[in-house]
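The first residue of the sequence shown is numbered 1, and numbering continues consecutively from there.
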Amino acid sequence: GRTIVSWSLNSKPICRSEELKAAGFEERLAAARRCQEWGYRIGFHFDPLIHYEGWEEDYEAAVKEAFQAVDPARVVWVSLGALRFTPQLREVVRRRFPKSRIPYGEFVPGHHGKIRYFRPIRQEMYSKMRTWLKEAAPEVFVYLCMESRAAWEESLGEAPRDTAHLSAQMDGLVSKG
């Protein structure tokens with residue numbers, strides 16, 4: 001009753017073009033549905049969100065499909081995180097995956113030494129995702145990964161006091177069972 005099984009989800013085009021050798025979008029949702037049938041609560045992680053032309057339609061469709069596949073009341077949380085990576089990884093991706101468009105996005109150096117999208121891009125993605133998530137599952141807990149308090153407040157309209165507070169919130173969700 002205290003185990004939450006989670007899946008990373010992405011838009012279908014990103015799953016097909018970038019998540020090579022990983023389970024497909026539909027396979028992940030089928031596994032989530034099976035786990036719910038077995039009595040488990042679940043979580044989803046839309047991380048990393050990838051910014052590209054048409055991302056809005058693709059991610060909105062992914063959210064709708066995910067919450068049609070499972071019982072939204074049994075989804076404990078959804079995390080959101082925009083693509084971030086170390087500067088060295090950009091060259092590795094370019095060399096190993098020459099067809100990938102990901103390393104050519106508009107990135108800036110962020111805190112912790114990682115490269116990431118400009119904050120206005122991340123905020124737009126988070127805000128829209130939260131809107132779609134709340135339409136599909138009004139009670140689901142949505143949180144951000146690897147973001148500042150300012151990003152939380154500007155994207156979601158609220159922020160935990162600190163990491164300990166966020167951890168306590170999540171622990172409370174687990175114990176609700």
Side-chain angles (χ1 to χ4, degrees), residues 4 6-20 22 25 28 42-67 72 75-94 97 99-170 173:
I4 298 168
S6 296
W7 287 264
S8 174
L9 295 179
N10 221 307
S11 69
K12 286 184 178 181
I14 293 297
C15 288
R16 284 190 299 269
S17 68
E18 305 295 338
E19 296 183 343
L20 309 176
F25 184 82
R28 295 176 212 186
I42 63 170
F44 290 128
H45 303 282
F46 283 93
D47 190 352
L49 293 170
I50 309 290
H51 189 264
Y52 59 93
E53 189 170 329
W55 74 267
E56 295 99 329
E57 294 83 12
D58 294 342
Y59 279 103
E60 183 177 15
V63 168
K64 286 179 180 176
E65 190 169 338
F67 284 95
V75 178
V76 180
W77 54 57
V78 175
S79 69
L80 303 175
L83 179 66
R84 61 224 175 258
F85 53 90
T86 61
Q88 302 83 357
L89 190 57
R90 179 182 277 183
E91 290 310 313
V92 171
V93 172
R94 284 178 177 160
F97 306 99
K99 293 182 182 177
S100 177
R101 304 306 319 148
I102 288 176
Y104 302 99
E106 289 192 59
F107 298 104
V108 295
H111 64 290
H112 300 92
K114 293 187 178 180
I115 295 173
R116 58 191 330 168
Y117 296 120
F118 287 104
R119 193 162 83 187
I121 293 171
R122 298 191 324 266
Q123 287 173 209
E124 177 188 18
M125 294 182 84
Y126 297 149
S127 295
K128 288 184 177 182
M129 287 293 293
R130 183 176 194 197
T131 297
W132 301 324
L133 288 163
K134 290 300 182 178
E135 288 171 359
E139 301 302 316
V140 73
F141 180 72
V142 178
Y143 69 97
L144 301 182
C145 290
M146 306 290 290
E147 286 292 355
S148 67
R149 180 177 189 79
W152 274 75
E153 289 171 349
E154 293 169 16
S155 302
L156 304 184
E158 60 188 351
R161 287 188 303 272
D162 53 32
T163 305
H165 181 247
L166 177 60
S167 182
Q169 283 182 290
M170 296 177 79
L173 294 168

Which atom names give the shortest non-hydrogen contact between Ala82 and Tyr126, and what distance separates them?
N-OH, 3.0 Å
Minimum side-chain heavy-atom gap Glu106-His51 below 4.5 Å
no
Quick one: do Phe67 and Val75 satisfy side chain to side chain contact (heavy atoms under 4.5 Å, CB included)? Show the steps, please.
CA-CA 9 Å; Phe67 284 95; Val75 178; 3.7 Å; yes
Has Arg122 got a side-chain atom pairing as donor or acceptor with Tyr117's backbone, closer than 3.5 angstrom?
yes
Nearest-0.5 Å distance, CG of residue Asn10 to CD of residue Glu19:
5.0 Å
I need the Leu49 CG to Leu80 CG distance, nearest 0.5 Å.
6.0 Å
Test Cys145 against Arg84 for side chain to side chain contact (heavy atoms under 4.5 Å, CB included), laying out the working first.
CA-CA 11 Å; Cys145 290; Arg84 61 224 175 258; 3.9 Å; yes
OH on Tyr52 to CD1 on Ile102, rounded to 0.5 Å:
10.0 Å
Considering non-hydrogen atoms only, spot the tightest contact between Met125 and Trp55 and give its length.
CA-CH2, 3.5 Å
Atom CD1 of Ile50 and atom OG of Ser11: how far apart are they, to the nearest 0.5 Å?
8.0 Å
Please check this pair: side chain of Ser79 against backbone of Asp47, looking for a donor-acceptor N/O pair closer than 3.5 Å.
no
Heavy-atom closest pair, residues Glu56 and Trp132
O-CH2, 3.3 Å
If you look at every heavy atom in Gly110 and Arg116, which pair is closest and at what distance?
CA-CD, 4.1 Å
Between CG on residue Leu83 and CD1 on residue Ile121, distance to nearest 0.5 Å:
11.5 Å
State plainly whether the residues Lys128 and Glu60 are in salt-bridge range, i.e. N to O under 4.0 Å.
no
So does Lys64 have more than 12 non-hydrogen atoms from other groups sitting under 6.0 Å from NZ?
no
State, with a plain yes or no, whether a side-chain heavy atom of Trp77 is found less than 4.5 Å away from one of Val142.
no
Check: Val78 and Phe141 side chains under 4.5 Å, non-hydrogen atoms:
no
CD-CG distance between Glu139 and Leu133, expressed to the nearest 0.5 angstrom
13.0 Å
What is the minimum heavy-atom distance between Phe25 and Cys15, and which atoms define it?
CB-SG, 4.1 Å
So, does Tyr59 use its side chain to make a donor-acceptor pair with the main chain of Met129 at under 3.5 Å?
no
Strictly distance-based, threshold 3.5 Å: is any side-chain N or O of Arg28 a donor or acceptor partner for the main-chain N or O of Ser8?
yes
In terms of relative ring orientation, are Phe44 and Trp7 parallel, tilted or perpendicular, with 30° and 60° separating the classes?
tilted
With ring pair (Phe, Tyr, Trp, His ring centres under 6.0 Å) as the criterion, how do Phe85 and Phe107 come out once you've worked through the C-alpha distance, each side chain's angles and the decisive distance to 0.1 Å?
CA-CA 10 Å; Phe85 53 90; Phe107 298 104; 5.1 Å; yes
Minimum-distance pair of heavy atoms, taken over all atoms of His45 and Ser6
NE2-CB, 3.2 Å
